[in-house]
Student: 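Structure provided below as structure tokens; questions to follow.
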Amino acid sequence: MDESEKMNVLSKLISINTVNDNEKDIADYLQKLFADHGIFSEVLPVKGNRANLVAEIGDGDKILALSGHMDTVMAGEGWDYDPFKLTEKDGELYGRGTTDMKAGLTAMVIAMIELKENGTPLNGKVRLLATVGEEVGEMGAKKLTDDGYMQDVDALVIGEPTAPYLGYTHMGSLDIRVNSKGVAAHSSMPDQGFNAIDPLVEFIHEANDKFRNTGASDPVLGHFIFNVTTIKGGTQVNAIPGSASAEMNFRTLDSYNNDKVLADVHTIIDQLNKADGVDLSIEIMMNLNGVVSGKDSTIIDITQNIEKEYFGDKVQKGGGAGTIDAARFMVGKPKDYNLVISGPGNQTMHKVNESVPKSLYLDFIDIYKKIAEQYLK
Ligand SMILES: [Zn+2]
């Protein structure tokens with residue numbers, strides 16, 4: 001593909017508004033693009049106008065998956081450019097989703113097309129897993145995993161915008177709501193009611209005490225994180241509140257994972273519920289375990305060597321607190337699994353005037369081609 005075609009494909013993806021919806025429009029477009037280049041793909045409905053896309057090239061048992069999400073976060077106010085029109089200025093490409101992560105996804109798509117066009121010998125298959133809804137709960141990656149598309153995959157590359165870092169691990173995320181049920185009454189007659197806020201406050205104290213002092217930390221990811229993030233209760237100033245609730249987020253580690261956190265939350269609640277009138281309960285809003293994969297896996301080594309040609313010593317392995325599709329794809333995979341998170345981008349993700357350097361986008365087309373060539377040698 002020549003450069004103007006490469007720009008056209010990215011331009012098309014940016015012009016399709018996939019703010020937490022409509023990924024099927026991108027899937028349909030990519031299916032046609034692949035078909036024009038003799039590549040078979042499947043558009044797999046998730047719900048409404050949302051569909052994953054799976055495409056494959058090559059032949060053989062060994063499978064390398066390349067993955068990117070098609071959705072973006074909302075554009076927000078204050079852009080200097082139309083967020084849904086790719087705009088090039090001084091070597092930067094502006095638009096919602098340029099960094100996170102339509103440039104990475106497009107680079108993967110074009111890499112596959114070029115591998116096919118060039119007849120590059122591949123001892124195995126390259127499988128594209130393009131997903132929906134990564135920004136809110138990773139439902140597309142969950143569906144692909146549930147439907148078996150990760151089962152036979154030997155190595156996974158996720159094109160999230162981490163360059164020049166190579167990700168192989170991230171924290172887990174757990175969101176829960178604790179509900180407190182009381183009995184409403186007039187504030188002049190508290191004996192006829194039970195104040196739902198009181199035990200909730202006690203719970204929050206104990207939870208802060210416990211989860212802010214776990215001592216759990218990871219040399220790459222840092223400390224376990226806990227915060228109560230919302231609190232609601234009561235109806236008016238002169239009434240004993242009949243209900244109250246608080247929401248909280250945990251960023252978990254392998255050494256203090258979601259199951260252990262939930263067990264500890266239940267212990268606190270069971271203890272408080274022993275008191276007369278206290279009725280605390282827990283609702284799980286989101287439960288995603290962290291990702292651990294091989295720091296020195298084959299795919300990490302290959303990617304590191306290739307990217308050193310482009311970014312020199314800036315290439316380093318690491319991890320982060322944010323949850324991505326890997327949390328779904330990696331369910332059931334061993335701790336030395338072949339995973340690398342690497343893609344083009346800068347620090348503008350989720351911000352106004354999101355952009356990606358044009359040269360970085362073009363470099364990653366070649367980087368993904370080289371990763372496939374070397375992994376499937
Ligand atoms: Zn992303």
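Computed from a predicted structure; not experimentally measured. These values consider heavy atoms only, across backbone and side chains, with no hydrogens, waters or symmetry-generated copies. Every number for a ligand or one of its atoms is a count from 1 in the order of the listing.
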Student: Just to verify, which of Gln31, Lys32, Lys24 counts as forming a side-chain hydrogen bond (donor to acceptor under 3.5 Å, both in side chains) with Asp28?
Tutor: Lys24
Student: Looking at Lys143 and Asp147, is there a salt bridge between them, counting it only when a charged N and a carboxylate O are closer than 4.0 Å?
Tutor: yes
Student: Does Glu134 bring an N, O or S atom to within less than 2.8 Å of the Zn ion (ligand 1)?
Tutor: no
Student: Taking the Zn ion (ligand 1) as the reference point, name the nearest N/O/S atom of Asp100.
Tutor: OD1
Student: Centre of Tyr94's six-membered ring, under 6.0 Å away, within 45 degrees of the axis: is that where NZ or CZ of Lys89 sits?
Tutor: no
Student: Return yes when at least one N/O/S atom of Glu135 is nearer than 2.8 Å to the Zn ion (ligand 1), and no when none is.
Tutor: no
Student: Within 45 degrees of the axis of the six-membered ring of Phe311 and under 6.0 Å from its centre: does Lys314 put its NZ or CZ there?
Tutor: no
Student: Taking the Zn ion (ligand 1) as the vertex, measure the angle between atom NE2 in His69 and atom OE2 in Glu160; round to 10°.
Tutor: 80°
